[in-house]
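First listed ligand is number 1; within each ligand, the first listed atom is number 1.
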Amino acid sequence: MGHGTIMSERRWDDDGPDREGDLATRTRPDTKKPSLYRVLLLNDDYTPMEFVVFVLEQFFNKTRDEATEIMLHVHQHGVGLCGVFTFEVAETKVVQVLDIARRAEYPLQCTMEKD
Ligand code: TYC
């Protein structure tokens with residue numbers, strides 16, 4: 001931001017609060033940035049480390065080294081970040097992890113929270 005920047009000035013693409021409901025005079029669609037959600041993996045005493053690494057590779061597109069690092073972080077600290085996604089993507093990933101863990105009969109838990 002350069003010297004003399006006027007902080008209250010509106011951006012070119014900002015219709016401003018005064019025109020929020022004024023459909024007839026809008027110049028662009030009123031788009032909103034989606035909220036983001038953290039997908040977290042929780043530690044337990046029974047899920048094999050190799051299974052957790054596989055899950056991180058398969059559903060979170062991590063390399064073997066990245067997956068191993070995250071898995072060890074969860075193992076040591078109790079919880080760890082798999083990724084940050086829009087609500088629907090985050091929810092899908094949580095369901096995929098819980099589903100594959102249930103099928104394998106491991107107690108692995110996965111959850112999401114607003115970023
Ligand atoms: N604590 C597990 C073990 O010692 C490994 C593990 C890591 C389990 C991460 C879950 O999210 C997890 N086998």
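- Looking from atom 4 (O) of ligand 1 to the surrounding protein, the closest heavy atom is H75 CE1, 3.1 Å.
- For ligand 1 and L41, the ligand atoms under 4.0 Å from any heavy atom of the residue are 11 (O).
- The single protein non-hydrogen atom nearest to atom 13 (N) of ligand 1 is T47 O, 2.9 Å, given as residue, atom name and distance.
- An N or O contact shorter than 3.5 Å is missing between D45 and ligand 1 by distance.
- By the 30° and 60° cut-offs, the orientation of the rings of F85 relative to F60 is tilted.
- In plain terms, the two heavy atoms of L108 and L98 that are nearest each other are O-CD2, 3.9 Å.
- The shortest N/O to N/O separation between N43 and ligand 1 falls below 3.5 Å.
- With a 6.0 Å radius and a threshold of 12 heavy atoms from other residues, nucleotides or ligands, E88 has its CD atom at or below the threshold.
- The protein atom (non-hydrogen) at minimum distance from atom 2 (C) of ligand 1 is D44 O, 3.2 Å.
- Taking a cut-off of under 4.0 Å to the non-hydrogen atoms of V74, the atoms of ligand 1 that pass are 9 (C), 11 (O), 12 (C).
- For ligand 1, the atoms closer than 4.0 angstrom to any heavy atom of L42 are 10 (C), 11 (O), 12 (C).
- Checked by atom type and distance alone, the side chain of T86 never pairs as donor or acceptor with a backbone atom of P34 at under 3.5 Å.
- Enclosure of atom CD in Q96 by more than 12 non-hydrogen atoms of other residues, nucleotides or ligands within 6.0 angstrom is indicated.
- The heavy-atom pair separating F59 from V97 by the smallest distance is CD1-CG2, 4.3 Å.
- M49 and L81 fall into different hydrophobic clusters, where Ile, Leu, Val, Met, Phe, Trp and Tyr side chains are chained together by heavy-atom contacts under 4.5 Å.
- For ligand 1, the atoms sitting less than 4.0 Å from at least one non-hydrogen atom of M49 are 5 (C), numbered in the order shown with element in parentheses.
- Every atom of ligand 1 with a heavy atom of L108 under 4.0 Å away is listed here by number and element: 10 (C), 11 (O), 12 (C).
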